[in-house]
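Some notes on the structure that comes next.
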Amino acid sequence: MAEALYLDHAATSPLRPDARQAWLSACDQALNASSVHSLGRNGKAKLEEARTQILADLDQLGANLIFTSGATEANALALKQAEGFDQIIFGATEHDSVFLAHPNAVILPVDSNGSHELEALKSLLSNGLKSFIAIMSANNETGALSDISHIGELCRAHKAWLHVDAVQSPFGIVNADSIALSAHKLGGSQGVGALVSRHTLKPLWRGGGQEKGARAGTENIAGIVAFSAALHAAKLSSIDWLDAKLEIESRLESDGCTILSKAIPRAPHILAFVNPHWSSQLQLMHMDLGGVCVSSGSACSSGKVKDSRVAKAMGFEALAGNILRVSGGWTTRPEDWQRFYDLWKLGFEAFLARKSVSAQVTA
Ligand code: PLP
């Protein structure tokens, strides 16, 4: 059988060679950035070099960057800053690490493209309450890009805090008060992330004074230098498979599928679609048996296929169990999209044929 084809980079991306090299260069040494001896100072130098490089690649030099265990923790640290605010607002399609964090948050609706209802945001911001808003830069299930620059201007005008979960689209963020990042979506290692902020941060817990007291715990230097190398490589890389992906989108449409968020700007690596017949679960089983790794939306910790909350928020209530997400990354080649589609189409035709036979039998 052909080698498995990985098209699930929005869930996690394999380690990039540059990141692997950086990780190996750090992990064989006993580097604790808090130690005063030469190895400790060497660790501290690597840590600060990575911090500066990441801020430079994000065009956020001058901001603070606190390393965390990933974006889930970075989001939690950002949300800690919402203590004392009168009103917390979350976009309806935020990742669970934001969405489930405050049961009393006001939910900002999205339209059928996954775009935030900005008039609703304006009226929420105009009620005179001190507000904390969390909006992601790109949705992890559909790729829908948020107009962060504009939302940030609105927030500034109302002295509101804007937190951006930038895991799926980390570059070009402006007007945010805090930004959450994850290394493993970019080709770094899992268990590493960061929160970038222009404010002094209240910590989630107390302990050693690492990360200027904002995040106690010995820094994961090998993971952090790999994160910096991965982000830098991602910044320099370009995509040569966009046309191939667009071609497959139009074929899927000819097969009766709806491409989610097609009418608005999307992060280029994500293609999510629904079809009226074939469930996510059956599609995933077929694709997996054929050696193509895709997903049904967000990666779910239980390994179960759930209806997509994001598709529901966009008004695709009846089709929320039929979403398929295909996401490319640094290992993807143009021909991979055709291989994905050929296998998908084979399964779809077989599914339709079975459906028509069972309809004839029951008629
Ligand atoms: N936010 C978004 C948009 C994500 O896609 C993910 C990962 O699935 C996370 C947050 C959580 O990131 P991490 O795995 O680093 O905790």
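Atoms within each ligand, like the ligands themselves, are counted from 1 in listed order. By convention here, the first residue in the shown sequence is residue 1.
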Only heavy atoms of Gly70, strictly under 4.0 Å: list the atoms of ligand 1 that pass. 15 (O)
Do Glu73 side-chain atoms and Val192 backbone N/O form a donor-acceptor pair below 3.5 Å? no
What are the atoms of ligand 1, with element, lying closer than 4.0 Å to any heavy atom of His184? 13 (P), 14 (O), 15 (O)
What I want to know is whether Asn75 and ligand 1 share at least one N or O pair that is separated by under 3.5 angstrom. no
Report the C-alpha separation of Arg156 and Glu153 in whole Å, then their side-chain angles, then the decisive distance to 0.1 Å, and conclude whether the salt bridge (Lys or Arg N to Asp or Glu O under 4.0 Å) test is met. CA-CA 5 Å; Arg156 291 229 163 134; Glu153 278 170 18; over 6 Å; no
Arg41 side chain vs Ala33 backbone, donor-acceptor pair below 3.5 Å: no
Best match, Gln168, Glu94, Glu73: closest heavy atom to atom 5 (O) of ligand 1: Gln168
Minimum heavy-atom distance between Ser261 and Ala144, given as atom pair plus value: OG-CB, 3.4 Å
Sub-4.0 Å atoms of ligand 1 with respect to non-hydrogen atoms of Met136: 3 (C)
So the atoms of ligand 1 within less than 4.0 Å of a heavy atom of Ser97 turn out to be 10 (C)
Backbone, side chain, both or neither: what part of Thr72 comes under 4.0 angstrom of ligand 1, heavy atoms only? both
Please evaluate residues Arg251 and Asp342 with respect to the criterion salt bridge (Lys or Arg N to Asp or Glu O under 4.0 Å), reporting the C-alpha separation (whole Å), side-chain torsions for both, the decisive distance (0.1 Å), and the verdict. CA-CA 10 Å; Arg251 297 215 188 166; Asp342 290 345; 5.1 Å; no
In terms of heavy-atom contacts, Gln283 and Phe273 come closest through OE1-CE1, 4.0 Å
